[in-house]
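Below: the structure, in structure tokens.
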2 protein chains.
Amino acid sequence: MLNETAVAVLEQTSAAEPEKRIRDRSATERAILTAAKNLLAEEGFQNFGINAVARRAGCDKQLIYRYYGGLDGLIEAIGADLGNWVKDRIPEDTGGMFLLTYGDLMERLALLFLEALRDDPLMRRIVAWEVSENTEQVRRLSEARSKALGQWLDRMRGSLTPPKGIDTAAVNALIFASIQHLVLSAAAGGQCAGLVLKNAKDWEKAATALKRLVRGVYG
Amino acid sequence: MLNETAVAVLEQTSAAEPEKRIRDRSATERAILTAAKNLLAEEGFQNFGINAVARRAGCDKQLIYRYYGGLDGLIEAIGADLGNWVKDRIPEDTGGMFLLTYGDLMERLALLFLEALRDDPLMRRIVAWEVSENTEQVRRLSEARSKALGQWLDRMRGSLTPPKGIDTAAVNALIFASIQHLVLSAAAGGQCAGLVLKNAKDWEKAATALKRLVRGVYG
DNA sequence: CCGGTCTGTCACCAATCGGTGAGTAACAGT
DNA sequence: ACTGTTACTCACCGATTGGTGACAGACCGG
């Protein structure tokens, strides 16, 4: 507990410490949103709550209720960015390659997705959240994400015709499921099903196996 | 709030309601453990705590501290059963088939694992827990599980020689990762990467795709 | 200058959390 | 029948949670 003199000393020593929050609603809104995203990315959804976000944003939780209508609205705001995730985090070009076959395409997409997910802690937390809880908020996040992913897949496929006689939707779901679980498991415990995934060499092996898997089905 | 008369009426009407806990330590220990497992299976790890377990077991939380040394010990006790999960939930026989090749084996194991995981809510929650948190307790659970899984794989492989030139460890990790994420995602939201997984027909398609994936790498 | 709106802060609420110390009731050994 | 141990319950602790109402100060239009 600080008394008045102690506070005075603090203010003296720390050079205009007050850091008085200026009256700027949109700036505060942004501060709250980024605080929420960073908090979610770093701490996970376990301790993701009104109090924690407000603490991190350095403002009162009341403002979260006012500006976002509570946690639900805030989560929805996070989800709104998800639509842009693919285009923000995954390069659209083919890396100078010519993708002639569906197999070429899927191999490339799988590797791109693997790296993108590996580099994005927020997205990892969201995916983990999706498989752990079944609340309305999470369902919304999940929907936005899978929709964006599907659109990306369609867009990248372009005019490439998928192979006949193969349920590409199901196969691709399995491929992307494997990537997601691999990355999540690695991020959480450094391994997946006994396969250690820590240094670059480990990931190299995983990528090779992934390529082999994709090439196995799609040639 | 109930007064004495209300309690008396309750006891009268509900036929020896008191359900007086008999003094049987091992029975209480079992009650706590099963309460914990059921709670975890039904509610997930989010609200899994001392109070909730005690409430469900119908005893005082103090007993959990005494008999299990707290939540950690209780979780450890849950993990102790995990070693037997494979043998309890997955049939050992080959279903009358002859598994001649490594591909035959892996296809069979993948399908068995898929069904077993689909039928076990507790195991699903644990897997989801593993990818969501990184505490010491969860790490223990994860370790026990992956160890049991690895032993099962080895045991089922028997004298079958894995194919040369393929990093089976990495490939199998990906295959099992895909199964786990597929099942978790389906259990949580009824779909995975846009692929709806609700009725038996949906799962049939997933199983076919899984077979195709396995056969693609292992022939 | 005055009144109202907007932005932000604070104090407080009931509920729940994990955790502990003390007490009670049933049993066993002598 | 007395004693000590075992099994169990209860009351309480501080901390934290989500949530709300009241208030203070900056700003803006009149």
Side-chain angles (χ1 to χ4, degrees), chain A residues 1-4 7 10-11 17-36 39-40 43-78 133 135-138, chain B residues 1-4 7 11 16-36 39-40 43-78 133 135-138:
Chain A
M1 198 58 83
L2 296 176
N3 57 22
E4 293 80 357
V7 170
L10 270 176
E11 286 178 350
E17 164 66 40
E19 194 71 43
K20 194 71 168 147
R21 175 168 294 281
I22 53 174
R23 287 167 58 90
D24 183 342
R25 167 156 180 171
S26 70
T28 306
E29 284 181 3
R30 262 177 290 126
I32 291 174
L33 186 56
T34 65
L39 183 68
L40 184 55
E43 306 288 333
F45 57 93
Q46 316 282 359
N47 299 37
F48 184 74
I50 286 279
N51 291 303
V53 172
R55 215 177 299 133
R56 177 140 187 164
C59 71
D60 197 275
K61 57 183 169 182
Q62 176 73 21
L63 298 183
I64 300 177
Y65 286 105
R66 273 219 261 282
Y67 298 156
Y68 291 95
L71 252 198
D72 297 14
L74 188 52
I75 292 174
E76 201 147 357
I78 294 178
E133 227 173 8
T135 63
E136 184 57 33
Q137 323 144 7
V138 175
Chain B
M1 199 58 84
L2 297 175
N3 56 22
E4 293 81 358
V7 169
E11 286 178 348
E17 164 67 38
E19 194 70 44
K20 193 69 170 150
R21 173 168 297 281
I22 51 174
R23 287 169 58 91
D24 183 342
R25 167 158 182 168
S26 70
T28 305
E29 284 182 1
R30 261 178 291 126
I32 291 175
L33 186 57
T34 65
L39 183 69
L40 184 55
E43 307 288 334
F45 56 93
Q46 315 283 358
N47 299 35
F48 184 75
I50 287 278
N51 292 303
V53 171
R55 214 177 300 133
R56 177 142 189 163
C59 71
D60 197 274
K61 56 182 169 181
Q62 175 73 22
L63 298 183
I64 300 177
Y65 287 105
R66 274 220 257 285
Y67 298 156
Y68 291 95
L71 251 198
D72 297 13
L74 187 51
I75 292 175
E76 200 147 358
I78 294 178
E133 228 174 6
T135 62
E136 184 56 34
Q137 322 145 9
V138 175

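Letters A, B, ... are given to chains in the order of the sequence lines, protein chains preceding strands, and every chain is numbered from 1.
- As a whole-Å value, the separation of A/E29 CD from C/dG8 P is 9 Å.
- Rounded to an integer number of Å, the gap from A/I22 CD1 to C/dG8 P is 9 Å.
- Taking 4.0 angstrom as the limit, A/Y65 places none of its side-chain polar atoms (N or O) nearer than this to OP1 or OP2 of D/dT20.
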- Task: Just do the side chain to side chain contact (heavy atoms under 4.5 Å, CB included) check on B/V53 and B/K61 with the steps written out, would you?
- Result: CA-CA 8 Å; B/V53 171; B/K61 56 182 169 181; over 6 Å; no
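- If you take CD1 of B/I50 and P of D/dC13, they are 21 Å apart, rounded to a whole angstrom.
- Between C/dT7 and A/T28, no contact under 4.0 Å exists linking OP1 or OP2 to a side-chain N or O.
- Across all non-hydrogen atoms, the minimal contact from B/L39 to B/A52 is CD2-CB, 3.6 Å.
- When rounded to the nearest whole Å, the span between CZ of B/R30 and P of D/dC8 equals 12 Å.
- Atom CD1 of A/I64 is separated from atom P of D/dT17 by 12 Å (rounded to the nearest Å).
- DNA chain D lies under 4.0 Å from at least one heavy atom of each of the following residues of residues 51-63 of chain B: B/C59, B/D60, B/Q62, B/L63.
- Between the C1' atom of C/dG8 and the OH atom of A/Y67 lies a distance of 7 Å, rounded to the nearest Å.
- Remark: the A/R23 side chain and the C/dC6 base include a donor-acceptor N/O pair separated by less than 3.5 Å.
- Atom CD1 of A/I32 is separated from atom P of C/dT7 by 12 Å (rounded to the nearest Å).
- Per the geometry, CD belonging to A/Q46 stands 15 Å off C1' belonging to C/dC17, to the nearest Å.
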